[in-house]
A.B. asks: 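The structure follows.
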Amino acid sequence: MQNQTMQSQMMQSTTMMQNQTMQSQMMQTSVDYSNGYMMQTSVDYNNGYRTQMQEQQDNDYTIQEDEWDRDLLLDPAWEKQQRKTFTAWCNSHLRKAGTGIENIEEDFRNGLKLMLLLEVISGERLPKPDRGKMRFHKIANVNKALEYITSKGVKLVSIGAEEIVDGNIKMTLGMIWTIILRFAIQDISVEETSAKEGLLLWCQRKTAPYRNVNVQNFHVNWKDGLALCALIHRHRPDLIDYAKLNKDDPLGNLNLAFEVAEKHLDIPKMLDAEDIINTPKPDERAIMTYVSCFYHAFAGAEQAETAANRICKVLGVNQENENLMQEYEKLASQLLEWIRRMTPWLENKSPETTMAAMRGKLEDFRDYRRQHKPPKVQEKCQLEISFNTLQTKLRISNRPAFMPSEGRMVSDITSAWAGLEQAEKGYEEWLLSEIRRLERLNHLAEKFQMKSTTHQDWSVGKDSVLSQKDYESCSLTEVRALLRKHEAFESDLAAHQDRVEQIAAIAQELNELDYHAASSINERCQGICDQWDQLGTLTQNRRENLERTEKLLETIDQLFLEFSKRSAPFNNWMEGAMEDLQDMFIVHTVDDIQSLISAHDQFKATLPEADCERQAILSIYTEVQKIAQSYGISPNLTNPYSDITPAEIGLKWEKVKKLVPQRNSILQEELARQHANERLRRQFAAQANIIGPWIQTRMEEISRSSVDIGGSLEDQMSQLKQFEQVIINYKSNIDKLEGDHQHIQEFLVFDNKHTNYTMEHIRVGWEQLLTTIARTINEIETQILTRDAKGISQQQMNEFRQSFTHFDRKKKGGMETDDFRACLISMGYDLGESEFTRIMSLVDPNGSNKVTFQSFVDFMTRETSDSDTSEQVLASFKILAADKPFILLEELRRELPPEQAEYCIARMPLYNGPDGVPGALDYTAFSTALYGESDL
């Protein structure tokens, strides 16, 4: 009632100036009572009608007619309608007190029921009435009622207690109409309009969709009964089938509306259908009084509808957020599962024994890089964007922040991804290292087999020769020849010492490099070493035997000895030369192959000197032949000191000369291959040296655009989208460089001195660039979403950005604590230590001493905008529950859409209060849980 009093006082103050003007205009109106009806110009209040200016003042119920013409009579038809309507209206309230009236001008004469009516409709206690039956007792009671009406801001003109006590029907009806205006019509308010205009606007809104209904007044537009039926059907379509109504049957329409309203809406029948139809212009006050009852009957339903809409909106936001949470959990689980499947494969570094198998693993790894990983990079980026968008929506709707399931946080995914990339990097390095190792192993194994075969071919039969005792039956010359032959063998044995050591060193290196056939290598090497030790022992024993026998023999052919001494080293040199000319090699650079070519050229330079030595050795043998001929010895003498013959030396020399150009051709082919590899290096370096700086430049441009406040967020978004398109269009250059890199690896080129950029650097930079542009776009989208949801203007957003940029003194994308304090002070905040601590707990919940721009914008939007709260939702549920502390299933299903109702029923706990009933639900716990203020 206090609010009603304040509202009435406000309306009285706003219309005081209008009253004087309108009262002066009322003096100029004219009245024609010749037929008892109102002319086009309005009649005075004396006959129960309003002047034209009074119709303009319907919004102010306090304005009364200046004077009542006591001599004029009410129009009989209108008087009848007002009598019936006002009597029914009064009884609709008096029945709450267990009483009623039959004759409106008689039953109010003693003032008792009039005071009771005012108490019922106002809910306030009036002064104690006088119980006497004398006239002055009645006048005193009526005056108490009139004084109460006046206290509510109503100006009563020409209505006195004496007229009411005397049963003046005109004054009695005027008084009742004043009460109806004040207590039934004044409080009606629709879109800043009240009283009559508010009631009219409400009727127009509710009947707008209905055919044949056009409510513009409260008299002739209601004669066909369709407007009343439309009001009932709009709120209770189950009571009337509007499609079956006929405009040409006003009597049936009106009676149907009266009967349905009385039976189902508890609105008494205040009008007669025949009176309304037979009156050219029905009484406006009677119609307004009756229609206001519909407004009050349906106001509670509209309030419930508003509450239901609020709950639907809140639940809709909650359902959308839950769907986003479920989608995040699903995507995060799938991505983490893929990482868990890939990581063991990348950590499996079991070596292979062949190059073909290792190349197969390398190709599988390239397929993973080209086909399997790129979609997952996009999924990871999209997952981060979805998480940020979800958190923004939760902040905007005042919901608690989303905490993913354990192990599915963004940080967990980032950590798992970092582990995947670390395993990936280690796996690639291992693959390349293994390929180099196997290449080296194959080379060493072939070299070992070649040297071992050469040595074993040389050592065949040597042990049996050394074990012979042929010197026992030889002459001195033959013994001396055997001794010299043995000395030559020892020289040959010493020359082969280096080869045996090389074979042992190669075997040891193969074991150190974990060669898969190391056992067979070791077995063969051990056999060669054992045989070599045995040859050393046999050689020493034979020398001792020959030296012991030499004392008995005195002559030996010096020429054969000289020939043997010189031919043996030369023969060993030729064997070494043939071995070197057929030796396999492995190089990786042009410098390496040029070193081999230089060594080969040096070898060729020694050939003339070697040819001279060959000719000198052959000349010794020729000299032996001459001496033999001169002494009559057979020219077919064999050299007793050496198995080497001039023919063998000639054959080996020819073979050396043949191998020299072959070796030269092989070296030149390798030189050409290394030059081709060098061109590949330069080609890759030329592209990498362009792409690397280009990626860095784009990163810097994106960083600059993130702090640019020269345009709107949409302009920044447009610029970032252009950057994104440029980056996407540049992908072909990355793919081309990836192809060149693969081509280089296929040629086993692993280093490049022409550039500091590796393909790994380019890949990491490219992925960072894609992630940075996506995150930056998401930040702008988040700002736009925050701005639109919170009603922040572009100018405010620019001011936020300008303040943040100014106080981000280190330009690292975040304000430190002291900088943030200075920023708040510059914006007019009067900060105490406790208040600043509270604000820091909001903008920096993790205690990092750094305030990001998004946290700053969230804080400023909370300071400058309003949003729905748990209290608002709780109040809405309270309306639906008719002020009960619990709500029932049928109430939820009646007031909410099916989907929203079932959502509430599934999540709302049972009510445990002492006043609960079976099936009662606790909407208080549910409302607070929506905003994270409690746990269900």
A.B. asks: Any idea how F294 and F298 line up, ring-wise: parallel (<30°), tilted (30 to 60°), or perpendicular (>60°)?
C.D. replies: tilted
A.B. asks: Could you please spell out the steps behind the side chain to side chain contact (heavy atoms under 4.5 Å, CB included) verdict for K878 and D883?
C.D. replies: CA-CA 5 Å; K878 189 174 183 181; D883 291 335; 3.8 Å; yes
A.B. asks: Enter the distance from L226:CG to N246:CG here, rounded to the nearest 0.5 Å.
C.D. replies: 8.5 Å
A.B. asks: Between the side chain of N141 and the main-chain N/O of P129, is any donor-acceptor distance below 3.5 Å?
C.D. replies: no
A.B. asks: Would you say that R234 contacts Y242 through its side chain, given a criterion of any heavy-atom pair below 4.5 Å between the two side chains?
C.D. replies: no
A.B. asks: Quick check: do L910 and L921 have side-chain heavy atoms less than 4.5 Å from each other?
C.D. replies: yes
A.B. asks: May I ask you to decide if G100's main-chain N or O and K113's side chain share a donor-acceptor pair within less than 3.5 Å?
C.D. replies: yes
A.B. asks: Tell me the salt bridge (charged side-chain N to carboxylate O under 4.0 Å, His left out) pairs involving residues 129-141, sequence neighbours left out?
C.D. replies: D130-K144, R135-D166
A.B. asks: Taking only residues two or more places apart in sequence, or in another chain, which ones meet E262 in a side chain to side chain contact (heavy atoms under 4.5 Å, CB included)?
C.D. replies: K269
A.B. asks: With under 30° as parallel and over 60° as perpendicular, where do the rings of Y911 and F886 fit, or are they tilted in between?
C.D. replies: tilted
A.B. asks: May I ask you to decide if I139's main-chain N or O and E162's side chain share a donor-acceptor pair within less than 3.5 Å?
C.D. replies: no
A.B. asks: Can you confirm whether or not the ring centre of W202 sits under 6.0 Å from the ring centre of H235?
C.D. replies: yes
A.B. asks: Is there a side-chain contact between P897 and C312, using heavy atoms and a 4.5 Å cut-off?
C.D. replies: yes
A.B. asks: Given 3.5 Å as the limit, does a donor-acceptor pair link the side chain of Q204 with the main chain of V215, or not?
C.D. replies: yes
A.B. asks: Enter the distance from T928:OG1 to Y923:OH here, rounded to the nearest 0.5 Å.
C.D. replies: 12.0 Å
A.B. asks: Grab the two heavy atoms, one from A273 and one from N255, that are nearest each other, plus how far apart they are.
C.D. replies: CB-OD1, 3.4 Å
A.B. asks: Sequence neighbours left out, what pairs pass salt bridge (charged side-chain N to carboxylate O under 4.0 Å, His left out) with at least one residue falling in residues 223-232?
C.D. replies: D224-K247
A.B. asks: Give me the atom names and distance for the closest heavy-atom approach of L228 to A257.
C.D. replies: CB-CB, 3.8 Å
A.B. asks: Using 0.5 Å steps for rounding, measure from the CD atom of E106 to the CD1 atom of I169.
C.D. replies: 9.0 Å
A.B. asks: Run the numbers on L114 and Y148 for side chain to side chain contact (heavy atoms under 4.5 Å, CB included), then give the verdict.
C.D. replies: CA-CA 11 Å; L114 179 60; Y148 178 80; over 6 Å; no
A.B. asks: Sequence neighbours left out, what passes ring pair (Phe, Tyr, Trp, His ring centres under 6.0 Å) with F108? Give chain and number order.
C.D. replies: none
A.B. asks: Taking atom CG of L118 and atom CD of E124, what is their separation to the nearest 0.5 Å?
C.D. replies: 10.0 Å
A.B. asks: Report the residues that fulfil salt bridge (Lys or Arg N to Asp or Glu O under 4.0 Å) with K84, sequence neighbours left out, ordered by chain and then residue number.
C.D. replies: D272
A.B. asks: Taking salt bridge (Lys or Arg N to Asp or Glu O under 4.0 Å) as the definition, give me every residue that meets it alongside K96, ordered by chain and number, with sequence neighbours left out.
C.D. replies: none
A.B. asks: Determine the minimum heavy-atom distance between L146 and G160, stating which atoms define it.
C.D. replies: CD1-C, 4.0 Å
A.B. asks: So does R893 pair up with E890, basic N to acidic O under 4.0 Å?
C.D. replies: no
A.B. asks: Any donor and acceptor pair, going by atom type alone, linking the side chain of N253 with main-chain N or O of D249 inside 3.5 Å?
C.D. replies: yes
A.B. asks: Report the relative orientation of the aromatic rings in Y290 and F258; use parallel for angles under 30°, tilted for 30 to 60°, perpendicular for over 60°.
C.D. replies: perpendicular
A.B. asks: Is a side-chain donor or acceptor of T85 paired with a backbone partner of Q82 at a separation under 3.5 angstrom?
C.D. replies: no
A.B. asks: Please give me the minimum heavy-atom distance between C203 and F218, naming the atom from each residue.
C.D. replies: SG-CE2, 4.3 Å
A.B. asks: Can you name the nearest heavy-atom pair linking I176 to C90, along with the distance?
C.D. replies: CG2-SG, 4.0 Å
A.B. asks: Is any side-chain N of the basic residue among E79 and R83 closer than 4.0 Å to the acidic one's carboxylate O?
C.D. replies: yes
A.B. asks: Quick one, F86 and I179 - any side-chain contact, counting heavy atoms below 4.5 Å?
C.D. replies: no
A.B. asks: Show the nearest heavy-atom pair for residues L199 and M288, with the distance to one decimal.
C.D. replies: CD2-O, 4.0 Å
A.B. asks: Measure the CZ-CG distance between R907 and L315 for me, rounded to the nearest 0.5 Å.
C.D. replies: 9.0 Å
A.B. asks: Would you mind reporting whether L201 and E197 have side-chain heavy atoms less than 4.5 Å apart?
C.D. replies: no
A.B. asks: Please walk me through it: do L271 and L254 pass side chain to side chain contact (heavy atoms under 4.5 Å, CB included)?
C.D. replies: CA-CA 9 Å; L271 301 170; L254 287 169; over 6 Å; no
A.B. asks: Could you check whether any side-chain heavy atom of I149 comes within less than 4.5 Å of a side-chain heavy atom of R182, counting everything from C-beta outward?
C.D. replies: no
A.B. asks: I'd like to know whether the aromatic ring centres of Y210 and H233 sit less than 6.0 Å apart in this structure.
C.D. replies: yes
A.B. asks: Hey, could you give me the OG1/CD1 distance between T87 and I104, rounded to the nearest 0.5 Å?
C.D. replies: 4.0 Å
A.B. asks: Got Y295 and L231 here, is their nearest side-chain heavy-atom distance under 4.5 Å?
C.D. replies: no
A.B. asks: Tell me, do H93 and F183 make a side-chain contact under 4.5 Å, heavy atoms counted?
C.D. replies: no
A.B. asks: Give a yes-or-no answer on whether the side chains of Q216 and N221 include a donor-acceptor pair shorter than 3.5 Å.
C.D. replies: no
A.B. asks: Would you confirm whether W177, through its side chain, and A286, through its main-chain N or O, come within 3.5 Å as a donor-acceptor pair?
C.D. replies: no
A.B. asks: Under the criterion side chain to side chain contact (heavy atoms under 4.5 Å, CB included), I'd like the reasoning laid out for E105 against N168: C-alpha separation, chi angles, the key distance, then a yes or no.
C.D. replies: CA-CA 7 Å; E105 69 270 25; N168 187 317; over 6 Å; no
A.B. asks: Taking the inter-plane angle between the rings of F877 and F926 on a 0 to 90° scale, is it parallel (under 30°), tilted (30 to 60°) or perpendicular (over 60°)?
C.D. replies: perpendicular
